[in-house]
Number of protein chains: 2
Amino acid sequence: MSELEKQCCPIHNLFSFIGKKWILLIIKSISEGCMCFSDIEKKLEWINPRILSSRLKELEDFGFVSSHTKENTKNKTIYCLTEKWMSFSQNLDSLMKWTKKWM
Amino acid sequence: MSELEKQCCPIHNLFSFIGKKWILLIIKSISEGCMCFSDIEKKLEWINPRILSSRLKELEDFGFVSSHTKENTKNKTIYCLTEKWMSFSQNLDSLMKWTKKWM
DNA sequence: CGGTATCCTATGGGATACTG
DNA sequence: CAGTATCCCATAGGATACCG
């Protein structure tokens with residue numbers, strides 16, 4: 001990998017991940033409070049369950065979402081945002097200001 | 001479009017655009033100084049000319065790159081970064097710090 | 001309810017050859 | 001040199017049906 005690529009790679013990975021379809025909408029949904037699968041499905045009326053399932057896994061792998069399966073409640077899994085996302089989201093304010101001015 | 005989508009859309013557009021393959025590498029190349037097509041091609045050794053051409057157009061449409069065709073020099077077009085990119089790039093420092101800590 | 005499986009199409013983008 | 005044209009394949013993701 002060239003020097004150029006080394007410099008760009010982490011930012012590219014970050015942007016291409018967050019830029020994926022549904023990712024931000026899913027995060028925004030969960031940001032209103034931890035949610036189970038069908039809650040998110042309802043919020044994002046047109047999402048395909050296959051896509052939602054795979055996005056949630058990707059979000060977990062990336063570290064922006066954590067999932068917890070509640071005992072006793074027959075497989076009820078809830079999804080929450082992580083510290084990693086909270087930390088990242090601090091960058092969003094200035095980015096949103098930028099988009100308002102330039103996009 | 002739902003309220004949720006309205007909130008996320010500009011950021012999504014921004015991230016999905018910058019997250020595209022080659023976009024950051026092209027920008028990084030040009031950031032060393034305005035360049036013509038073949039200069040960028042040489043820097044990014046493995047890029048397909050069809051892709052480079054289309055990415056440069058997208059970058060122009062997005063407003064991150066401007067192109068100027070020099071008279072007298074038979075179709076020599078040079079590509080430069082714009083104010084819009086310069087303004088955006090001010091957000092990159094904190095993002096890079098974030099990636100160093102979290103990715 | 002909380003997902004998986006299957007199918008299908010559209011788009012992305014690489015390889016290569018070509019043009020003014 | 002500065003792209004464009006053609007072809008081709010892999011992946012993304014929507015539709016729908018199904019399962020424990």
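Hydrogens, waters and symmetry mates are skipped; everything else that's a heavy atom, side chains included, is used. Because the structure is a prediction, the values reported are computed rather than measured. A note on names: the letters A, B, ... follow the listed sequences, proteins ahead of strands, and every chain is numbered from 1.
- The closest side-chain heavy-atom distance from Tyr79(A) to Leu56(A) is below 4.5 Å.
- Between the two ends of the helix from dC1(C)-dG20(D) to dG20(C)-dC1(D), each summarised by a five-pair axis, the helix axis turns through 40° (rounded to 10 degrees).
- At least one side-chain heavy atom of Leu44(A) sits under 4.5 Å from a side-chain heavy atom of Leu4(B).
- Note that CZ of Phe37(B) and CD1 of Ile78(B) are 15.0 Å apart. Values are rounded to the nearest 0.5 Å.
- Heavy-atom distances under 4.0 Å link DNA chain C to no residue of residues 3-11 of chain A.
- In this view, Thr82(B) satisfies the side-chain hydrogen bond (donor to acceptor under 3.5 Å, both in side chains) rule with no residue, not counting sequence neighbours.
- At distances below 3.5 Å, not a single donor-acceptor pair connects side-chain atoms of Lys84(A) with backbone N or O atoms of Val65(A).
- Boundaries of the chain B contact region on DNA chain C are dG13(C) to dT16(C), first to last in 5' to 3' order (nucleotide atom under 4.0 Å from a heavy atom).
- Side-chain contact between Lys57(A) and Ser53(A) is present, with at least one heavy-atom pair separated by less than 4.5 Å.
- Applying the salt bridge (Lys or Arg N to Asp or Glu O under 4.0 Å) definition to pairs two or more places apart or across chains, none involves residues 87-103 of chain A.
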| said: Protein within reach of the bases, or only the backbone? For nucleotides 1-7 of chain D, mark each nucleotide 5' to 3' as B, S or -, using heavy atoms under 4.0 Å. | reply: SSBBBB-

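- Here Ser94(A) pairs with Asn91(B) under the side chain to side chain contact (heavy atoms under 4.5 Å, CB included) rule; sequence neighbours left out.
- A heavy atom lying under 4.0 Å from DNA chain C marks none of the residues of residues 13-33 of chain A.
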Check: residues 11-28 of chain A side-chain donor-acceptor pairs under 3.5 Å, at least two apart:
from     : atom 1 : to       : atom 2 : distance (Å)
His12(A) : ND1    : Gly19(B) : O      : 3.2
Ser16(A) : OG     : His12(A) : O      : 3.1
Ser16(A) : OG     : Asn13(A) : O      : 3.3
Lys20(A) : NZ     : Glu58(A) : OE1    : 2.5
Lys28(A) : NZ     : Gln7(B)  : OE1    : 3.2

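- For residues 38-47 of chain A, the pairs satisfying side-chain hydrogen bond (donor to acceptor under 3.5 Å, both in side chains) are Glu32(A)-Lys43(A), with sequence neighbours left out.
- Legend: residues meeting side-chain hydrogen bond (donor to acceptor under 3.5 Å, both in side chains) with Ser87(B), ordered by chain and number and at least two apart, are Trp98(A), Trp102(A).
- Atom CG of Leu52(A) is separated from atom C1' of dA15(D) by 16 Å (rounded to the nearest Å).
- Using a 3.5 Å distance cut-off with no hydrogens or angles, the side chains of Glu60(B) and Ser67(B) do pair a donor with an acceptor.
- The disulfide (SG to SG under 2.5 Å) search around Cys34(B) returns Cys80(B), not counting sequence neighbours.
- Nearest approach of His68(B) to Ser66(B), heavy atoms of both residues: NE2-OG, 3.2 Å.
- Going from atom CG of Leu44(A) over to atom C1' of dG13(D) covers 15 Å, rounded to whole Å.
- Heavy-atom neighbours of Glu83(B) CD from other residues, nucleotides or ligands within 6.0 Å: at or below the threshold of 12.
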